[in-house]
Amino acid sequence: MILETIQLSKRYGKRIGVESLNLEIHEGDLFGFLGPNGSGKTTTIRLLMGFLRPTSGKARILGFDCWRDSPRVKAETGYLPGDLRLYPWLTGRIAADRFGRMHGRSLQKEYRELACLFDFDLDLPVRRMSKGTRQKLGLTMALAHRPRLLILDEPTTALDPLIQIVLYQRLHSLAE
């Protein structure tokens, strides 16, 4: 099992973010959270990534506790937040260099391949990117280190329909 939650709950005072979520996702599964705004999708993702501490229950990725073992979970997971924020001076090449150092290996080749796949310029700074191009860079940052698990919050936001198809094909290929 690659991801598991057991009675996972998060409360904000009297307000419920997530209540008693039980979930099992196995390697190779493609899984999506569907629900209205405010239903707890992003809160669940933040609990899984170790950004929030659960009020009760457990969340595990690759057998690691998402809160206690958060650095290990983050190293094994590719993550794209729904509210992606990037430094205005950042380019794809700089991101490849910085993330490559974090992962202990060069990611330049992977960034070039993904930039070609998603059709964007690695030398363009974020301040000059459209929202869709920033999303492509975010996807590249999530995918390049070849994580065992991808957690993507609203991954197709601002992507044109052709790139959405490319993304879906890539995700299906990775799941296989």
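Every value quoted in this text rests on a predicted model; they were computed, and no experiment measured them.
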Take the angle between the ring planes of H103 and F99 and call it parallel below 30°, perpendicular above 60°, tilted in between. parallel
Does S9 use its side chain to pair, donor to acceptor, with the backbone of T55 at less than 3.5 Å? no
Value for CG (L47) from CZ (R53), rounded to nearest 0.5 Å, stands at 11.5 Å
Heavy-atom pair with the smallest gap, counting every atom of L114 and F120: O-CE2, 4.3 Å
T91 side, atom OG1; R127 side, atom CZ - distance, nearest 0.5 Å: 10.0 Å
Given 3.5 Å as the limit, does a donor-acceptor pair link the side chain of R112 with the main chain of L122, or not? no
Does L150 share a hydrophobic cluster with V73, counting links as ILVMFWY side-chain heavy atoms below 4.5 Å and allowing steps through other members? no
Nearest 0.5 angstrom please: K136 NZ to M129 CE, how far? 10.0 Å
Contacts of D153 that satisfy side-chain hydrogen bond (donor to acceptor under 3.5 Å, both in side chains) - sequence neighbours left out: T42
Are the side chains of W89 and I94 in contact, using a 4.5 Å heavy-atom criterion? yes
Donor-acceptor pair, D65 side chain versus R68 backbone, under 3.5 Å? yes
Reported CZ-to-OG distance for the pair F51 and S70, which is rounded to 0.5 angstrom: 7.0 Å
Is a side-chain donor or acceptor of K58 paired with a backbone partner of Q7 at a separation under 3.5 angstrom? no
Are F33 and L167 linked, directly or through other ILVMFWY residues, by side chains that come within less than 4.5 angstrom of each other? no
Test your reading of the model: is there a side-chain donor-acceptor pair from Q108 to the backbone of G100, 3.5 Å cut-off? no
How close do K14 and R11 get, counting heavy atoms only, and between which atoms? O-NH1, 3.9 Å
Looking at R93 and D97, is there a salt bridge between them, counting it only when a charged N and a carboxylate O are closer than 4.0 Å? no
Atom pair CG/NZ of L48 and K74 - distance to nearest 0.5 Å: 11.0 Å
Got a donor-acceptor contact below 3.5 angstrom from the T43 side chain to the G17 backbone? no
Check whether any side-chain N or O of S173 sits under 3.5 Å from a backbone N or O of Q169 as a donor-acceptor pair, and report yes or no. no
Identify whether M102 and L84 are in the same connected component of the hydrophobic contact network (ILVMFWY, side-chain heavy atoms under 4.5 Å). yes
Linked, directly or transitively: L171 and Y79 (ILVMFWY side chains, under 4.5 Å): no
Working to the nearest 0.5 angstrom, can you tell me the gap between T44 OG1 and L21 CG? 5.5 Å
Please walk me through it: do L149 and E76 pass side chain to side chain contact (heavy atoms under 4.5 Å, CB included)? CA-CA 7 Å; L149 174 68; E76 299 287 342; over 6 Å; no
Got a donor-acceptor contact below 3.5 angstrom from the S130 side chain to the T133 backbone? yes
For the side chain of E27 and the backbone of I2, is there at least one donor-acceptor N/O pair under 3.5 Å apart? no
Considering non-hydrogen atoms only, spot the tightest contact between A95 and L90 and give its length. N-CD1, 3.9 Å
